[in-house]
There are 2 protein chains.
Amino acid sequence: MTDTPPARRAARVTLREVAERAGVSRSAVSFVMNGRTDQRLSDDVFDRVRRAADELGYRPNITAQTLRTGRSGTVALVSDFVSSTSFANSMVRGAMQELREHDTLLFTVDTQGDADLEDQLLHSLLGRNIDGVIYASMFTRTVTLPRVLEGVPTVLLNCVTVDGSIDAVVPDEIAAGRDAARMLLDHGHRDGIWFVGDLPAGSRGGAAWPEWDPIALTERLAGIDQVLTAAGTTLAGVTAIDDDWDVANGRRAVSRMLAEARGAPTALVCANDALAVGAYQALHHAGLSVPADVSVIGFDGSPYARAVEPELTSIALPHIELGRQAAAMLAAPGDSPRIERVPMPIRVGGSVGGPPSL
Amino acid sequence: MTDTPPARRAARVTLREVAERAGVSRSAVSFVMNGRTDQRLSDDVFDRVRRAADELGYRPNITAQTLRTGRSGTVALVSDFVSSTSFANSMVRGAMQELREHDTLLFTVDTQGDADLEDQLLHSLLGRNIDGVIYASMFTRTVTLPRVLEGVPTVLLNCVTVDGSIDAVVPDEIAAGRDAARMLLDHGHRDGIWFVGDLPAGSRGGAAWPEWDPIALTERLAGIDQVLTAAGTTLAGVTAIDDDWDVANGRRAVSRMLAEARGAPTALVCANDALAVGAYQALHHAGLSVPADVSVIGFDGSPYARAVEPELTSIALPHIELGRQAAAMLAAPGDSPRIERVPMPIRVGGSVGGPPSL
DNA sequence: CTGAAAGCGCTTACAG
DNA sequence: CTGAAAGCGCTTACAG
């Protein structure tokens, strides 16, 4: 972008020209354009200015306003991968929608998890007088807020700081775990419920991002445990997944589990939809059908859920709503740090039924 | 965002302070910061300025630079739905990556196809002195460039104008169609090749966006026709899809087709991956297996392709590369309108084999 | 009720 | 080789 000529520079009408045409001072035009009725300008002046502005097609130079006021009507969504990958991307949509209501435009920036790049981008954004930052993560996890953001209005999206000192919006994973367990109990399952997708012993956050600490898994399991415990039972087992939570690993893990498990499972709760699809395949190979023989629940509400037959019942990540609420929080600053937990809706497919014994 | 205090306003170091600390003029600081060696400043001045800037943690106020120069180091990706939906969203990623190389930040804006909203957003962006616009569409189609963009450096992403007068980057759909056909011919298919996914007679662009004119379908079919014709054969048939190109409609259409078709198909080319997944299901219900009885090819390279067994062979939309090239084109303006056709890579799964007769 | 003036933080001819 | 000054297009006390 070094040698492009400035966009439409010559053509733009300026406030001064509006003032001249309307025969008033520049102050008056400014007041009218900003709808400041507290200046008790005459109706006549209001009309003349509006007309002149319309006729000239005047559009305020927001850069100049920003320089003067320090406010840009601009916000940045800074994330690791959110805006550049399909998964989780709807958070951007939610944020954009809400920001529209506040006449605020959105910068979108991904750091790929690179701290230097992040620092550079944040400085670049701050140099443009952004009014605030939505700091987002693709996976729900704990983060450390970059130091540059101290003093900058910031809301965390899909992540939290360890001390909970920063406004944050996260999915309600514990409730989601409870919902999954409750749904299975309601269908009559009890002692044959397995969880598919624990991390390999000793690891945190999966192979791809070993240093990350995903709280989704922990909380989903916690929610499930709560409900099962209250019902006087417990998970029949938990199967680890070696690497990524993808279809092939799900198939492999469930095949192994079916071969090894004493007492056939009646239901599988899978850490995400891709694993659940793998589970479908493993069940199919074992001659078991969903949901007649085994019920399956996934998490995420991803396209995977609609790619299988019967469609997968999945507890969806409310990405749009997460994004929207983060933007709303940024727009309406509160005093104490707020941690908003957004409910995860259940997308009902046909993958949950009663246990085969009933 | 009306009542937030300006971000870090008080804290920012200004060029004047650097000048004072270094004991030089503001001009000198400006020249040093912009690396202008043509001013023949002494090495001593250079050093003193750099040191002062470092010590004070000086960061130029880009808003002020923009006001002065008319250039903001900022570009907008304006689209219908690209940045707010998962599909096609990787175009944003490609654009961001390329823009990084040019120290340019990206505004992201979706109009939901609403012309008024689009107009409003474009004015808002232009008022912020953006240097250029990437005008993108979720589906490959023809567009009319908004009038506000006349005179603004613009590159079309995944769309073209009817007259081809604006720089554009689109996937090479014709070549993709050819590739699909050639792959099937290479595997020995010939007279049993069906296409799944034509529009219902008389409609354009699908039920959801009736006024749109998707060129993908036309061009894919054209490419297929070219190759089959050259090989002395032709499509055995084309099945229409009523509404959206989704899994359920694909299943229904292929079931119907299998029931009605004279001469069993040996291969299905599906207009997108979701339809292909539906085709898998229909074939399965009919007791046919992929690829032993019927080969299947999809388009898009979406997650659907990995949700089925065997994995679907799909001709992928090169979203990242599309975005990257659009950004590169914007950064390096050429004189004549350029239409760049980006190859669509074949993601080989296990869904293509020889026809059953071989 | 209205207008002249200062100033936001830069860049860049221009004079010395 | 360096510095003082104008100006980008606004907003906003301040004086009238």
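In what follows, chains carry the letters A, B, and so on, assigned in the order in which the sequence lines appear, proteins first and then strands, with residues in each chain numbered from 1. Model, not experiment: these values are computed from the prediction. All values below come from the heavy atoms of this structure, side chains included, with hydrogens, waters and symmetry mates left out.
The side chain of A:Thr14 places an N or O atom within less than 4.0 Å of a non-bridging phosphate oxygen (OP1 or OP2) of D:dC10. Taking side-chain N and O atoms only, A:Asn61 has no distance below 4.0 Å to OP1 or OP2 of D:dC8.
None of A:Asn129, A:Thr74, A:Thr66 except one satisfies the side chain to side chain donor-acceptor pair (under 3.5 Å) rule with B:Thr63; the exception is A:Asn129.
As rounded to whole Å, 13 Å separates atom C1' of C:dG3 from atom CZ of A:Arg16. The CD-P distance, from B:Glu20 to C:dG9, rounds to 13 Å in whole Å. Regarding B:Leu15, its CG atom lies at a distance of 7 Å from the P atom of C:dT11, rounded to whole Å. Across the protein-nucleic acid pair, B:Phe31 atom CZ and C:dA13 atom P stand 9 Å apart, rounded to whole Å. Rounding to whole angstrom units, CG of residue B:Leu67 and C1' of C:dT11 are separated by 11 Å. The distance from atom CZ of B:Arg71 to atom P of C:dT12 is 12 Å, rounded to the nearest whole Å. For the pair A:Tyr58 OH and D:dC10 C1', the computed distance is 7 Å after rounding to whole Å. Rounded to whole Å, the distance from CG on A:Asn129 to P on C:dC10 is 10 Å.
In this model, no donor atom of one side chain and acceptor atom of the other lie less than 3.5 Å apart for B:Arg26 and B:Ser30. No side-chain donor from either of A:Gln325 and A:Arg338 sits under 3.5 Å from a side-chain acceptor of the other. Counted by atom type alone, A:Ser137 and A:Asn158 present zero donor-acceptor pairs between their side chains at under 3.5 Å.
Sorted by residue number, the members of residues 43-51 of chain B with any non-hydrogen atom under 4.0 Å from DNA chain D read B:Val45.
By the 6.0 Å contact criterion, CG on A:Asp43 is open, its count of non-hydrogen atoms from other residues, nucleotides or ligands being 12 or less.
When all heavy atoms of B:Leu322 and B:Leu157 are compared, the pair lying nearest together is O-CD1, 3.4 Å.
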Secondary structure of DNA chain D per the Watson-Crick/G-U criterion (both distances under 3.5 Å; [ ] crossing, | other strand, . unpaired) is |||.||||||||.|||

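The pair A:Arg48-A:Asp44 meets the salt-bridge criterion, with a side-chain N (NZ, NE, NH1 or NH2) lying under 4.0 Å from an Asp/Glu carboxylate O.
Screening residues 111-122 of chain A for salt bridge (charged side-chain N to carboxylate O under 4.0 Å, His left out), with sequence neighbours left out, gives no hits. Screening residues 321-334 of chain B for salt bridge (charged side-chain N to carboxylate O under 4.0 Å, His left out), with sequence neighbours left out, gives B:Glu321-B:Arg324. Annotation: ring-ring contact (aromatic ring centres under 6.0 Å, His included) contacts involving residues 319-338 of chain B, sequence neighbours excluded, comprise B:Phe87-B:His319.
With rounding to the nearest 0.5 angstrom, the CG atom of B:Leu125 is 4.5 Å from the CG atom of A:Leu105.
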Between the protein and nucleotides 4-6 of chain C, which nitrogen or oxygen pairs come in under 3.5 angstrom?
{"unit_1": "C:dA4", "atom_1": "N6", "unit_2": "A:Ser27", "atom_2": "OG", "d": "2.4"}

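The closest side-chain heavy-atom distance from A:Leu121 to A:Val78 is not below 4.5 Å.
Using a 4.0 Å heavy-atom distance criterion, B:Ser42 is classed as a sugar-phosphate-only contact.
You'll find that the side chain of B:Gln65 is closest to C:dT11, out of C:dG3, C:dG9, C:dT11.
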